[in-house]
Chemist: 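I have a structure here, written as structure tokens, and I will follow up with some questions on it.
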Amino acid sequence: MLSVLSCIAYEHDPFYLSLAVLVLTTGAYFTLRLYARVRRSASSLKLLWLVMAGLIGGGTIWTTHFLSMLAYESDLIQGYSLGLTIVSLIVAIAGVSLGFLVSDITDRPFSTEIGGALVGFSVAAMHYVGLAAVEISGRVIMEPSYVAASVLLGGFFSALVLNRISKQCSRFCGHVAVVLFVLCVTSVHFTSMAGITIIPLGGDAGEAPMFSKGVLGIAVLLVMALLFLSVFMAYMIDAKTEEATDGRIHRIFEHDALTGLLNRPGMNAAVGRVLQRATSSPSAAAVISFSLDRFLDIRDAHGQKATDSMLRHVAKVVSGCLSDSEQLGRVGDCEFLVLASDVYSKREVNALCARIEAVLGTSFKWEGGLLPVRAAFGYAFFPLNAREAVELIDKAEQAMKCANRAGPGTITPYKESLGVTAKERGTLSIDLSHAHERGELELYYQIQNNVATREVTGAEVLLRWKHDTLGMVPPYKFIPIAEETGLINVFGPWILQAACDEAASWKAPIKIAVNVSSVQLAKDGFADIVEDVLRKSGLNPARLELEITESGLLADRNHAMQVIRDLKSLGVGIAMDDFGTGYSSLATLQMFPFDKIKIDREFVKDLGKNKHSAAIIRSTIILAESLDIPVLAEGVETEDQLEFLAAEGCNEAQGYLFGKPVPVAEIRKITNARPMRPPLSLVS
Ligand code: C2E
Ligand code: CA
Ligand code: CA
């Protein structure tokens, strides 16, 4: 050790030594970066990077060696043999390349370190060939133990170098590897040099072509400068191409291919950028989520070409109505987001939603006809509702889902209670699967009355869930879950049987109306279930009325038509529920043989407040008359509403004015009373 240190301190010229250290450190840095590049390159580029790493690595070792030789102060050195000097360069480059190749070629344990050791051995090999290139007027005696130590140290340090590069555990590993590389080269050189003794002999060097110390110095520096320059340029070209490719990849990954709008990752990034800006300046932002109404129905009815074209249409018209500070993205099948980066109040966001709704309403033409495009909107505010992009989008979407349940055209701002709903849904769906066996499900009945005479004409059965801890869970919360999970196919037949059994037991032979979900209707054998229930209960089929919504019919029209025919051949009546809220209620009405139309309570509720509601009810009644189908209005709560309906010629009404849904014991008081009369008005 001491002789190694004294060799460095006393036998080397500090200028060349510093130059050697500088070249070595810089070269080590480049080499290891290139080696890391080899490891992460695809196979087609790997070889190119490997050759480059070998050139720089070998070149660095070689240059360092000869600079150190130039630093080595001995008057006995006469010059350098050209051939062996070149051979030593080739040995270095080939050895380093081979080591890198071995380290990277398999995933076997220690292959990295074995490759590393090979690099170290080639440092030693280069060193000894390099020594042989030195023409000395004396006899060189090498201490075998120093030779062995230099080879082992070289192998050891360079095994560590590649180990640190391939298995990086912190951001310092790269720096540690550079230091180890320097240690590898210097330990080989100085350990070997410390073990050398030169016995002067006098006389001239051999005949081989030779060059002097100065020429070698210039040659060495030139080689190194050329190598560094080419690597630097290769790196720059590579970085630029990578940047360009990154940009292209970003574009592809962040855009929706169909509409060219930003997709979900794109929107996430865009919202993130705006929020970052908004945090540093006092501005607010909002995300609006909207989804197209009846999208799946339209796809089923008109095909994917129609919906694709519709989505492009929506992208175009909505983009056209946005300002520079507003950005549109398509983040789901039929779901869009609008990022508004310069809004401060709910009023502004509501106005923006209305603007979008208005352009959507400019209907979309398809195959000569017009397809209505409608949407429900939900939005959330930054920083009021959320401070992060993903959370803000999520909250806007929660609000949109809530708006969706209320129907197209609804605009719902996010509020905390919606967040609970999303969580609640998860718990509810688990609890609902046990609700039936735990006896938590119960049927309520709501009477239906003749508008003119106020007589009770029927009763609708409505499912109720008494959750053991949450209490009454409203149907709008659990029916969709029952439909999504398929539980409705368990509940449905039970409801039908219980309702028919109950109605068959009543003294008054009024109708019993049972809701049938689209999920039930789509399942094979529904008519058989009904037939079976009728047989078991002994109920006159003419007293059973099945309430079906439009969505239940459009999913598979041919199947639905067949089921309805089968049901009608049993003598059962079919009512169209929620009339007016559907995608194309009029068309559906003409297509299927309904026995009753139930006008949705949304329209009745707005009577007196909204001119459109009155117009819709009026025209529905006229149309129904022309088709000879009786009309029932839902949700009648006031005498004024009843009066309007009576004047328009509506046949039946159902609502709190006559009675809220009640448990079976209560309905029996009405259906078993003689003469049967409705209870007194419950709501004033
Ligand atoms: P729906 O078929 O339109 O049922 C009528 C809804 O209007 C019932 O709500 C009823 O309680 C409510 N309602 C009746 N009169 C009035 C009124 O004057 N004012 C107001 N504000 N509301 C009134 P409910 O019981 O909450 O049921 C909601 C929906 O859940 C039903 O709408 C139906 O779609 C579904 N549903 C309920 N029971 C069943 C069932 O057994 N099977 C299926 N598939 N769906 C059901
Ligand atoms: Ca109904
Ligand atoms: Ca309804």
Side-chain angles (χ1 to χ4, degrees), residues 405-407 432 435-436 441-449 458-466 472-500 502 511-523 526 529-530 533 544-552 573-582 585 594 596-607 617 620 631-642 645 652-664 666-667 678-679 681-684:
R405 285 194 280 276
L432 189 60
H436 191 33
L441 298 181
E442 193 184 341
L443 298 181
Y444 272 46
Y445 296 81
Q446 184 180 33
I447 51 169
Q448 300 174 330
N449 298 65
E460 178 179 3
V461 60
L462 294 158
L463 184 60
R464 291 291 177 265
W465 179 16
K466 278 186 187 146
M472 268 304 189
V473 183
Y476 77 84
K477 278 193 184 167
F478 74 84
I479 296 282
I481 298 175
E483 288 178 334
E484 278 159 28
T485 54
L487 277 171
I488 197 76
N489 284 319
V490 181
F491 301 161
W494 167 73
I495 297 167
L496 201 61
Q497 188 70 59
C500 290
E502 177 60 27
K511 282 194 175 168
I512 178 80
V514 182
N515 290 288
V516 176
S517 142
S518 55
V519 179
Q520 290 172 270
L521 208 64
K523 199 163 180 261
F526 179 70
I529 294 176
V530 176
V533 164
L544 178 61
E545 193 162 72
L546 299 175
E547 297 192 358
I548 298 173
T549 58
E550 197 186 345
S551 62
I574 309 290
M576 184 180 185
D577 205 355
D578 300 348
F579 185 84
T581 61
S585 296
F594 291 107
K596 187 180 281 181
I597 296 170
K598 292 188 79 177
I599 297 180
D600 195 66
R601 60 180 184 278
E602 280 301 304
F603 302 106
V604 178
K605 180 187 84 185
D606 286 350
L607 271 181
I617 292 180
T620 306
V631 177
L632 180 148
E634 289 180 333
V636 180
E637 295 187 355
T638 66
E639 287 291 346
D640 285 350
Q641 290 166 346
L642 190 69
L645 292 165
E652 287 171 288
Q654 175 182 347
Y656 295 172
L657 179 65
F658 294 105
K660 287 193 170 181
V662 290
V664 67
E666 294 293 313
I667 196 78
S681 174
L682 292 172
V683 173
S684 57

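Residue indices begin at 1 and follow the sequence shown. All ligand and atom numbering here is 1-based and tracks the order in the structure.
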Chemist: Which residue supplies the protein heavy atom nearest to atom 3 (O) of ligand 1, what is that atom called, and how far is it?
Modeler: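 Answer for atom 3 (O) of ligand 1: Glu634 OE2, 3.2 Å.
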
Chemist: Looking only at protein heavy atoms, which one is nearest to atom 22 (N) of ligand 1, and what is the separation?
Modeler: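 For atom 22 (N) of ligand 1, the nearest protein heavy atom is Tyr656 OH, 3.5 Å.
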
Chemist: Given Pro474, Ala499, Pro475, which one has a non-hydrogen atom that is nearest to atom 26 (O) of ligand 1?
Modeler: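 Comparing heavy atoms across Pro474, Ala499, Pro475, the nearest one to atom 26 (O) of ligand 1 lies in Pro475.
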
Chemist: Side-chain contact, heavy-atom cut-off 4.5 Å: Val530 with Leu544?
Modeler: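 Answer yes - side chains close enough.
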
Chemist: A side-chain contact here means heavy atoms from C-beta on lying under 4.5 Å apart; do Gln448 and Leu632 qualify?
Modeler: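 A side-chain contact under 4.5 Å exists here.
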
Chemist: Taking both backbone and side-chain atoms of Val516, is any N or O found less than 3.5 Å from an N or O belonging to ligand 1?
Modeler: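 For ligand 1, there is no N or O atom that lies under 3.5 Å from one belonging to Val516.
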
Chemist: In the protein, what heavy atom is nearest to atom 38 (N) of ligand 1, and what distance, to one decimal place, separates them?
Modeler: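 Ranked first by proximity to atom 38 (N) of ligand 1 is Leu463 N, 3.0 Å.
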
Chemist: Taking only heavy atoms of Val636, which atoms of ligand 1 are found under 4.0 Å from at least one of them?
Modeler: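 In order of numbering, the contacting atoms are 18 (O).
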
Chemist: Heavy atoms, side chains only, cut-off 4.5 Å: are Phe579 and Asp600 in contact?
Modeler: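 No, too far: nothing below the 4.5 Å cut-off.
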
Chemist: Nearest protein heavy atom to atom 43 (C) of ligand 1, by residue and atom, and its distance?
Modeler: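 I find the closest protein heavy atom is Asn515 CB, 3.5 Å.
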
Chemist: Is there a side-chain contact (heavy atoms from CB on, under 4.5 Å) between Gln654 and Ile447? Walk through the geometry before answering.
Modeler: CA-CA 6 Å; Gln654 175 182 347; Ile447 51 169; over 6 Å; no

Chemist: Of the listed options (Ile548, Leu496, Ile495), which comes nearest to atom 41 (O) of ligand 1 when hydrogens are ignored and any heavy atom counts?
Modeler: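 Nearest heavy atom to atom 41 (O) of ligand 1 lies in Ile495.
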
Chemist: Of all the non-hydrogen atoms in the protein, which one sits nearest to atom 11 (O) of ligand 1, and at what distance?
Modeler: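 Answer, as residue, atom name and distance: Pro661 CG, 3.3 Å.
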
Chemist: Would you say atom 34 (O) of ligand 1 has a protein heavy atom nearer than 4.0 Å?
Modeler: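 Flag for atom 34 (O) of ligand 1 set to false, no protein heavy atom closer than 4.0 Å.
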
Chemist: Do Asp578 and Glu634 pass the side-chain contact (heavy atoms from CB on, under 4.5 Å) test, and can you show the C-alpha distance, the side-chain angles, and the key distance before you say yes or no?
Modeler: CA-CA 8 Å; Asp578 300 348; Glu634 289 180 333; 3.9 Å; yes

Chemist: Evaluate Phe526 against Val516 for side-chain contact (heavy atoms from CB on, under 4.5 Å), listing each step before the verdict.
Modeler: CA-CA 10 Å; Phe526 179 70; Val516 176; 3.6 Å; yes

Chemist: Check whether any N or O atom of Asp600, backbone or side chain, sits under 3.5 Å from an N or O atom of ligand 1, and answer yes or no.
Modeler: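 Between Asp600 and ligand 1 (N or O atoms, distance only) the closest approach is not under 3.5 Å.
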
Chemist: Should the proximity of Leu462 to ligand 1, defined as any heavy atom under 4.0 Å, be assigned to the side chain, the backbone, both, or neither?
Modeler: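 Under 4.0 Å from ligand 1, Leu462 contributes backbone and side-chain atoms.
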
Chemist: Where does Lys605 meet ligand 1, judged by heavy-atom distances below 4.0 Å: at the side chain, the backbone, both, or neither?
Modeler: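 None of Lys605 does.
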
Chemist: Report yes if some heavy atom in the side chain of Asp640 is under 4.5 Å from a heavy atom in the side chain of Leu607; otherwise report no.
Modeler: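 A side-chain contact is absent here, since even the closest heavy-atom pair is not under 4.5 Å.
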
Chemist: What atoms of ligand 1 come closer than 4.0 angstrom to any heavy atom of Glu460?
Modeler: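 Under 4.0 Å from Glu460, ligand 1 has these atoms: 2 (O), 4 (O).
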
Chemist: So which N/O/S atom does Glu547 have closest to the Ca ion (ligand 2)?
Modeler: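 Closest to the Ca ion (ligand 2) among those atoms: OE1.
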
Chemist: For ligand 1, is there an atom lying under 4.0 Å from some heavy atom of Glu483?
Modeler: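 Judged by the 4.0 Å heavy-atom criterion, Glu483 does not count as contacting ligand 1.
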
Chemist: So which of Gln446, Gln654, Arg601 gets nearest to atom 9 (O) of ligand 1, if we judge by its closest heavy atom?
Modeler: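 When every heavy atom of Gln446, Gln654, Arg601 is considered, Arg601 comes closest to atom 9 (O) of ligand 1.
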
Chemist: Please calculate the OD1(Asp578)-the Ca ion (ligand 3)-OD1(Asp577) angle and round it to 10 degrees.
Modeler: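 That angle is 80°.
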
Chemist: Does any N, O or S atom of Glu460, backbone or side chain, fall under 3.0 Å from the Ca ion (ligand 2)?
Modeler: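 Within the cut-off used here (under 3.0 Å), Glu460 does place an N, O or S atom near the Ca ion (ligand 2).
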
Chemist: Please test Leu463 against Leu443 for side-chain contact (heavy atoms from CB on, under 4.5 Å), starting from the C-alpha separation and ending with a verdict.
Modeler: CA-CA 5 Å; Leu463 184 60; Leu443 298 181; 3.7 Å; yes

Chemist: Do Leu441 and Ile495 have side-chain heavy atoms sitting under 4.5 Å apart?
Modeler: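 A side-chain contact is absent here, since even the closest heavy-atom pair is not under 4.5 Å.
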
Chemist: Would you say the side chain of Phe491 lies within less than 4.5 Å of the side chain of Ile479, judging by non-hydrogen atoms?
Modeler: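 No - every pair of side-chain heavy atoms lies 4.5 Å or more apart.
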
Chemist: Could an N or O of ligand 1 be found under 3.5 Å from any N or O of Asp577, whether backbone or side chain?
Modeler: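 Among all N and O atoms of Asp577, at least one is under 3.5 Å from an N or O of ligand 1.
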
Chemist: Between CD of Gln520 and CD1 of Ile529, what distance do you get to the nearest 0.5 Å?
Modeler: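 Rounded to the nearest 0.5 Å, the CD-CD1 separation comes out at 7.5 Å.
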
Chemist: Within less than 3.0 Å of the Ca ion (ligand 2), any N, O or S from Asn515?
Modeler: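 It does: Asn515 brings an N, O or S atom closer than 3.0 Å to the Ca ion (ligand 2).
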
Chemist: Once you restrict to heavy atoms under 4.0 Å, what part of Asp578 touches ligand 1? Side chain, backbone, both or neither.
Modeler: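 Near ligand 1, Asp578 shows its side chain, while the N, CA, C and O stay back.
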
Chemist: Is the closest basic N to carboxylate O distance between Glu460 and Lys598 below 4.0 Å?
Modeler: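 The answer is yes: the pair qualifies as a salt bridge.
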
Chemist: Please work out, at 4.0 Å between heavy atoms, whether the side chain, the backbone, both, or neither of Ile479 comes within that distance of ligand 1.
Modeler: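 The answer is the side chain of Ile479.
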
Chemist: Is the shortest side-chain heavy-atom distance between Ile512 and Glu545 below 4.5 Å?
Modeler: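 SC-SC contact between Ile512 and Glu545 ruled out.
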
Chemist: Rounded to the nearest 0.5 Å, how far does CZ of Phe478 lie from CG of Leu432?
Modeler: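 Leu432 CG to Phe478 CZ: 7.0 Å, rounded to 0.5 Å.
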
Chemist: Counting heavy atoms only, name the option from Ala498, Gly659, Ala513, Ser517 that's nearest to atom 44 (N) of ligand 1.
Modeler: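 Among Ala498, Gly659, Ala513, Ser517, the closest heavy atom to atom 44 (N) of ligand 1 comes from Ser517.
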
Chemist: Under a heavy-atom criterion of less than 4.0 Å, does Lys598 contact ligand 1?
Modeler: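 The answer is no: ligand 1 sits nowhere under 4.0 Å from a heavy atom of Lys598.
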
Chemist: Please tell me if the side chains of Arg464 and Pro475 come closer than 4.5 Å, counting only heavy atoms from C-beta onward.
Modeler: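 Yes, their side chains come closer than 4.5 Å.
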
Chemist: Got an N/O contact under 3.5 Å between Glu637 and ligand 1?
Modeler: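 Between Glu637 and ligand 1, an N or O pair is found under 3.5 Å apart.
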
